[in-house]
Trainee: 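The structure is given below, and queries will be raised subsequently.
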Amino acid sequence: MLEQDQKLVQEAQQDPQQFAVLYDKYFDQIYRYVYRRVSDKDTVHDLVSQTFYDALSHIKSFEWRGYPFSSWLYKIAHNNVLKWYREQSKGQKVNLDDINEIADLTVDQNRDAVVKEKQAEVQKVLDQLDDEEREIIRLKFFEEVSNIEIAEIMGLSANHIGVKVYRTLKKVKQLLKS
Amino acid sequence: MARPTGRYFASVISKIRDAKKKEQIVVDDGFKMQLRQNIMMKINAQVQPPRVSWIERLLPLKSYLAVVPAFALVIVAVVGISKLPIDFKSNTVVPVSVPQTKPVQNQTANNQNVIASNQQTPVLNNQTSNNAQTGGLKTFPGRYVLPGNRVADVATAPTSNSAYSNDAVSPQMLQANVENVQPVQNTVSNNPQNLQNNPQPQFPNVTPQPQQNVSAIIADNVVSPQPQYTTEPSAAPVTPVAENVQTGLQTNSQNNETVTSAPAPSFTGSTPIVQDQQVPSVSGSSPLASVAQTTSTPVVQNAQNVASAPAILPNSTNVTSTPTPSPSPASVSPSTAMTMSAPVLVTPPSAPAVNPAPVVNKVNSNEIVKPKTTVLPQAAKQSLGLNDIALLPAEHLHSNIIYSGNFSTDEKTILEKNLIPHLADGKDVDVVHVYQESASLITIEMHETNGQTIIYDYSVSPSGELKLNQSIVARPL
């Protein structure tokens with residue numbers, strides 16, 4: 001996996017035309033990631049477009065550190081989302097309701113009522129978390145990114161991410177019990 | 001994929017994952033394709049080759065361009081070298097600064113100092129070294145290294161005296177001759193009364209001074225400074241009779257009223273040897289007798305009582321000679337007679353000794369025979385050992401006689417008219433150097449054309465007598 005990413009990155013650095021391969025491979029992940037954080041679809045398109053343009057313009061300066069190429073893309077998307085939130089003055093919290101609204105557009109209309117209940121329960125809990133805790137939980141369990149990669153994306157240390165994950169889960173557990 | 005494994009959060013994690021699975025995010029493929037096209041368009045726009053300037057086109061050729069200045073430097077260097085005034089086909093002549101000629105007087109003075117200090121080291125003296133350093137050209141006594149012909153060449157140049165120092169002869173040059181060279185001393189006491197009118201061949205400028213070690217200027221390991229005298233009984237004593245002792249004298253034997261035991265030159269069995277046979281030899285048993293028959297020109301004026309080898313003794317009435325040779329120069333009787341020991345060639349040890357026998361020779365003092373070819377009085381001539389040698393004019397020499405020292409005209413006259421011709425007789429001499437080593441020491445160097453140099457060391461007694469201490473034959477290496 002990593003070796004393949006490294007090879008693709010090297011090819012894209014030598015031939016920008018090869019960047020299309022990376023685009024096709026990681027577009028959906030970045031799209032969902034941004035989609036979960038931004039409720040507006042146009043905003044999602046803008047942030048996703050900006051993320052891949054930034055990646056294309058800086059692909060030659062990318063240094064392989066042993067992390068998946070997706071981590072670099074997540075980091076760019078994360079910075080763009082944060083930047084967008086800063087531009088929106090106080091920032092907008094991406095809540096599960098917005099996500100559900102967006103998801104409702106694509107999901108089958110015949111969804112199970114139980115699932116909706118469970119989603120609503122977890123979403124409510126996540127809404128009670130702060131931005132950093134929610135970002136960590138989404139990257140950790142939705143994007144399935146390792147602590148090291150989360151640390152790379154968020155600019156924190158891996159140990160700090162581990163502690164944050166532990167405390168956030170403990171907090172979510174208490175919220176779920178209540 | 002990092003996933004929490006703790007059982008404590010298992011329920012929480014499961015709920016979150018269930019929520020993810022229930023989450024259905026539909027990716028807008030239209031947006032995806034459109035964005036892809038936009039990205040590819042941008043990529044294509046970036047990939048288009050930019051306009052290449054002429055400098056960039058020359059960059060691949062930079063390796064070749066780097067050769068251009070290097071080649072230019074080589075060309076410049078070659079042109080520069082070719083313009084240098086150097087002809088590689090001919091020998092390069094390096095100009096050598098010729099040291100300035102040092103006056104002879106100064107050199108002599110320095111040599112005197114050297115002798116006075118009894119410095120016996122036969123090496124380059126300080127003067128020569130100083131000349132070499134200051135003049136930029138290293139000079140050293142030609143006697144040391146130069147062959148005889150070269151020495152003669154240098155010696156002919158009067159201004160190149162700096163190349164000649166009054167040092168000892170090179171030990172290498174002399175080593176071969178050590179065994180054969182020994183001084184001979186002829187001590188003659190003369191009756192001055194009988195020779196009142198005879199000019200005194202004395203050096204008026206000589207101040208009384210004790211005999212110095214003559215060998216100070218000659219390597220002490222080469223020749224013994226003291227003349228060696230052997231008193232062994234002569235096997236074949238030769239008694240020069242009056243007739244035989246008339247060497248060069250035109251005397252009237254009938255008027256020889258006083259018969260004295262005038263001392264003949266005492267020759268011992270171990271007479272010194274000069275290896276080269278060119279020196280007039282007095283060999284064997286009759287050194288005087290053998291030559292007495294061949295000489296006819298010397299004259300003694302007003303000689304009344306002339307012994308076989310008369311000398312000038314102004315204050316003595318009777319000339320008596322002791323047959324015993326003087327063991328050392330110091331034992332010479334303090335007379336005013338000129339005493340000289342001439343170099344003698346003697347065949348090696350087998351040569352019979354010449355015992356000084358009393359010579360009875362009556363000389364009529366009233367009969368004065370003027371000399372024909374010499375101005376040296378007979379007594380002086382005999383004292384110089386010139387009895388058997390026809391005095392030759394100075395013109396006999398091929399080149400000049402170079403004096404190093406304060407020689408008076410009279411002294412030069414004596415030397416040039418008598419002693420030097422005597423020494424140069426039979427030799428092909430190029431140049432003669434006369435060094436006044438000190439007030440009591442004179443060194444005469446006879447540079448022959450064959451490269452051989454004979455060095456005579458004469459000591460001058462307080463009364464002006466010349467006495468040969470030793471002679472050394474220095475042959476070219």
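In what follows, chains are A, B, ... by sequence order, proteins preceding strands, each numbered from 1.
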Trainee: Out of curiosity, B/I13 CD1 to A/L169 CG, how far, rounded to the nearest 0.5 Å?
Mentor: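 If we round to the nearest 0.5 Å, B/I13:CD1 and A/L169:CG are 5.0 Å apart.
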Trainee: What's the separation between atom NZ in B/K15 and atom CZ in A/F141, rounded to the nearest 0.5 Å?
Mentor: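 The NZ atom of B/K15 sits 14.0 Å away from the CZ atom of A/F141.
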Trainee: Just say parallel, tilted or perpendicular for the rings of B/F9 and A/Y166, cut-offs at 30° and 60°.
Mentor: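 Ring orientation, 0 to 90° scale: perpendicular.
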Trainee: For the atom pair CZ (A/R138) and NZ (B/K20), what is the distance rounded to the nearest 0.5 Å?
Mentor: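 The NZ atom of B/K20 is 13.0 Å from CZ of A/R138, to the nearest 0.5 Å.
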Trainee: Does the side chain of B/I16 reach to within under 4.5 Å of the side chain of A/V125, using non-hydrogen atoms?
Mentor: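 Not touching, per the 4.5 Å side-chain cut-off.
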Trainee: Would you say A/Y53 and B/N38 make side-chain contact, with heavy atoms under 4.5 Å?
Mentor: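 A side-chain contact exists here, since the closest heavy-atom pair is under 4.5 Å.
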Trainee: At a heavy-atom separation under 4.5 Å, does A/I137 approach chain B through its side chain, its backbone, both, or neither?
Mentor: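 Side chain of A/I137 only, per the 4.5 Å heavy-atom cut-off to chain B.
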Trainee: Excluding sequence neighbours, so at least two apart, what forms ring pair (Phe, Tyr, Trp, His ring centres under 6.0 Å) with A/F69?
Mentor: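 Partners of A/F69 under the ring pair (Phe, Tyr, Trp, His ring centres under 6.0 Å) test: A/Y26, A/F62, A/W72.
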Trainee: Does any part of the side chain of A/V44, heavy atoms only, come nearer than 4.5 Å to the side chain of B/F31, both counted from C-beta?
Mentor: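 Sidechains of A/V44 and B/F31: no contact.
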Trainee: Would you give the length of the straight line joining atom OH of A/Y31 to atom CG of B/D29, rounded to the nearest 0.5 angstrom?
Mentor: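 These two atoms lie 9.0 Å from each other.
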Trainee: Just wondering, do B/K32 and A/V48 contact through their side chains at under 4.5 Å, heavy atoms?
Mentor: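 A/V48 does not reach B/K32 side chain to side chain.
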Trainee: Drop me the distance from B/I39's CD1 to A/Y23's OH, to the nearest 0.5 angstrom.
Mentor: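 OH of A/Y23 is found 5.0 Å from CD1 of B/I39.
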Trainee: So which heavy atom on A/S49 is nearest to which on B/L35, and how close?
Mentor: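 Minimum heavy-atom contact is OG-CD1, 3.3 Å.
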Trainee: Please list, in residue-number order, every residue in residues 153-161 of chain A that has a heavy atom less than 4.5 Å from any heavy atom of chain B; write 'none' if there are none.
Mentor: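 Those residues of residues 153-161 of chain A which would need a heavy atom under 4.5 Å from chain B do not exist here.
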